[in-house]
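In each ligand, atom 1 is the first atom listed, and ligand 1 is the first ligand listed.
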Amino acid sequence: MYKNRIEIIKKHLDVNSQTTNNKNEVLEKELFNSIDANINVGELKLLIDSVEASKYKDAAREFIRNHPKFKENFIGLDMATYRQLVLEQCVAVANSGLIHLTDIKNNLHRYAGVVEMFSLYNNNVCTKLGVHYTLFGGTIMFLGTSRHEKYIEDANTLKTMGCFAMTEIGHGSNVRGIETTAHYDKQTKEFIIHSPTPTSEKFWIGGSYLHATYTTVFANLIIDGTNYGVHALVVPLRCPKSGAIMKGITIKDCGHKLGLNGIDNGQIRFDQVRIPRENLLNKYSDVSEDGVYKSQFNTPIKNFAATMAPFIVGRMAITKGCSGAAKTSLSIAIEFSHIRKQFGPSANNELPLITLSSQQRRLMAPLARTILFDLYIQRLTNELCQEKLPASIHAHCSGIKAVYSWFCVAALQTCREACGGQGYRSANRIAEFKNDCDIVCTYEGDNTVLMQQLAKYLLGVKQKQTNTTTNRIYLDGEDAKSLLFNFSNINQLFETREEIRLAELKQIISNSKEPAYFAFNNAIPWAVKLGFAHMTKIVFQNSINTLKLKNVKPLAHLIMLDALVSIEEDLGWFVSNHLISPNVAQSIPFLIQDLCFEVTKVSKQIIASFDIPENCKPSSKDLISDLF
Ligand SMILES: Cc1cc2nc3c(=O)[nH]c(=O)nc-3n(C[C@H](O)[C@H](O)[C@H](O)COP(=O)(O)OP(=O)(O)OC[C@H]3O[C@@H](n4cnc5c(N)ncnc54)[C@H](O)[C@@H]3O)c2cc1C
């Protein structure tokens, strides 16, 4: 038995040995070969940037490289100075013509591509841009009508800045529970915006404490005592000319935060603030001058769903913050590992950290996943640009936002540790990214809540399906490498896992004797697991489709590496559910290590393909030696 195991291990350690009985397709054959050290960086860059966004991204890179505001130091600035710098950077971006407020609806590739580039630099800039362009701009573009076009011109150049006031002290995730009111006054043809309780005060509103002129407020629309549910209205916070805060409005600072201290988050109280009737964003519902409410939907819940729907674009866009932070931090950690030497075969022959198997394992796996997540976001962006959105779009934007941000937070911690003590120095940038990105797990929808939206969508799809069971697979045999280096087997594993997870969730809910809310409540951890299973599967399938269209090296290796890491993350489950035999399972860490070794050989070229402007990271020399 012991001998047998050593044989298996020996087999796996040699990634170059072509197994004779492998019947794999052309694409998979590549996995059995060593990666050619001369990968085409330009081709890889285009793949990661996407054909649709490439020119916009290059323009943004040029801007970041050259604009003086992006050469200024932001590390260790006090909050007031930092907020001012971020404002000036955002104004510079707005005036550059790189993006336009209408892009969120009319040119999503440009908007998302440019924001991603700023996230290579710093998440404060892209968050402030995101609040203004995606959230404020998004509500105007998607919930407004021609009567709201007047806000666009000044907002586009940041002559006026907008913010987005949904969250309240009392309610964050449960938006339908918010308390702010918008009473309609027929006599004056105005809405009266009011915070009726301390818990109804808006909280966390990015940009509101110092800079925003307007906000879109989410409030309960009430006419003659009837509450028609949550609607969005434009409310001026400050006088566009003088900048003075408008009558009836009080804004306080949310204070110092774990990260994003370049953003002025504020707490807003409305005291009977009057705004014209026309400020209601009336794409789906409107109130006539004499106070008659009309909606395209027959129930407040449907109107609410339509009001929330546009924010799926924001969820997709926010993943760009994760993408940039992960790419820059991985680049820093990988460059550091190529330079920094510790230990070696002899005292006078110390070797770079990157030669350590642990360093390869820690850094290559997140490198692969970052690229595959980016490819998946390209697909979502294309879907969001279609005239008719796929039914899955909301669930998938929620899902990718959750899994990418959770992954990003873990990957940034890995990068920090991979640089040892130097990773802890603010000047080396990873710490800043780590603190700034942490919140992506919570804002724009808390991840655990979003995963439930995805699970509920999957349950709904299942309900409509008639018996579609995947053939169960059991990976067992001597030649684990051939069994696993097989995209169709991996796909079947992921399909089956999702199917089992879905059936399990359905059963937990239907076995419950409790009312629907509690029945689902008991099943939330399983809903989250189902969400992970589904996202892993579709990210994998999208990567394979991309590979079939563009076999850019080393994509095949990155896909297999990420797939095996995903399986390893849930290995106990795969084995206990009889999808993978213990023997095959034991080989997985070895195959992962082999693939990490292969990817490491071209890791410098991979990070070169990110084309990160030099001022987004410390120079590789400074990473170690600027202390001397
Ligand atoms: C830096 C920052 C910037 C922000 N910017 C803005 C902004 O510009 N505009 C704006 O409107 N809002 C903004 N927010 C608010 C943000 O969107 C909310 O924080 C978020 O929606 C979560 O709400 P909450 O903080 O009230 O948490 P809660 O909803 O109270 O959640 C607390 C915990 O309970 C869990 N939980 C809650 N409900 C469920 C459930 N049904 N199932 C399982 N678990 C659950 C969550 O997972 C979480 O762990 C910002 C927040 C921060 C921190």
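Proximity of atom 8 (O) of ligand 1 to the protein is indicated by at least one non-hydrogen atom lying closer than 4.0 angstrom. Under the 4.0 Å distance rule, the nearest protein heavy atom to atom 30 (O) of ligand 1 falls outside the cut-off. There is a protein heavy atom less than 4.0 angstrom from atom 26 (O) of ligand 1. Using a 4.0 Å threshold on non-hydrogen atoms, atom 33 (C) of ligand 1 does not count as touching the protein.
Ion pairing between a basic and an acidic side chain is recognised when a charged N comes within 4.0 Å of a carboxylate O; E569 and R497 show no such pairing. Look at R501 and E504 and you find a salt bridge, because one of the NZ, NE, NH1 or NH2 atoms lies within 4.0 Å of a carboxylate O, short of that distance.
Contacts with ligand 1 closer than 4.0 Å are made by side-chain heavy atoms of Q452 only, the backbone lying farther away. Counting heavy atoms closer than 4.0 Å to ligand 1, residue N174 contributes nothing at all. The residue N447 has no part lying near ligand 1, judged by heavy-atom distances below 4.0 Å. Heavy atoms from both the backbone and the side chain of T167 come within less than 4.0 Å of ligand 1. Contacts of I263 with ligand 1, taken as heavy-atom pairs under 4.0 Å, are absent altogether.
Sorted by first and then second residue, the ring pair (Phe, Tyr, Trp, His ring centres under 6.0 Å) pairs involving residues 229-253 (not counting sequence neighbours) are H231-Y293.
Summarising the contacts of atom 28 (P) of ligand 1 with S173, A212, S208, the nearest heavy atom is found in S173. Among L450, D436, V449, V175, the residue whose heavy atom lies closest to atom 39 (C) of ligand 1 is V449.
Between F311 and F164, the distance from one ring center to the other falls under 6.0 angstrom.
Among all non-hydrogen protein atoms, the one lying nearest atom 52 (C) of ligand 1 is W204 CD2, 3.6 Å.
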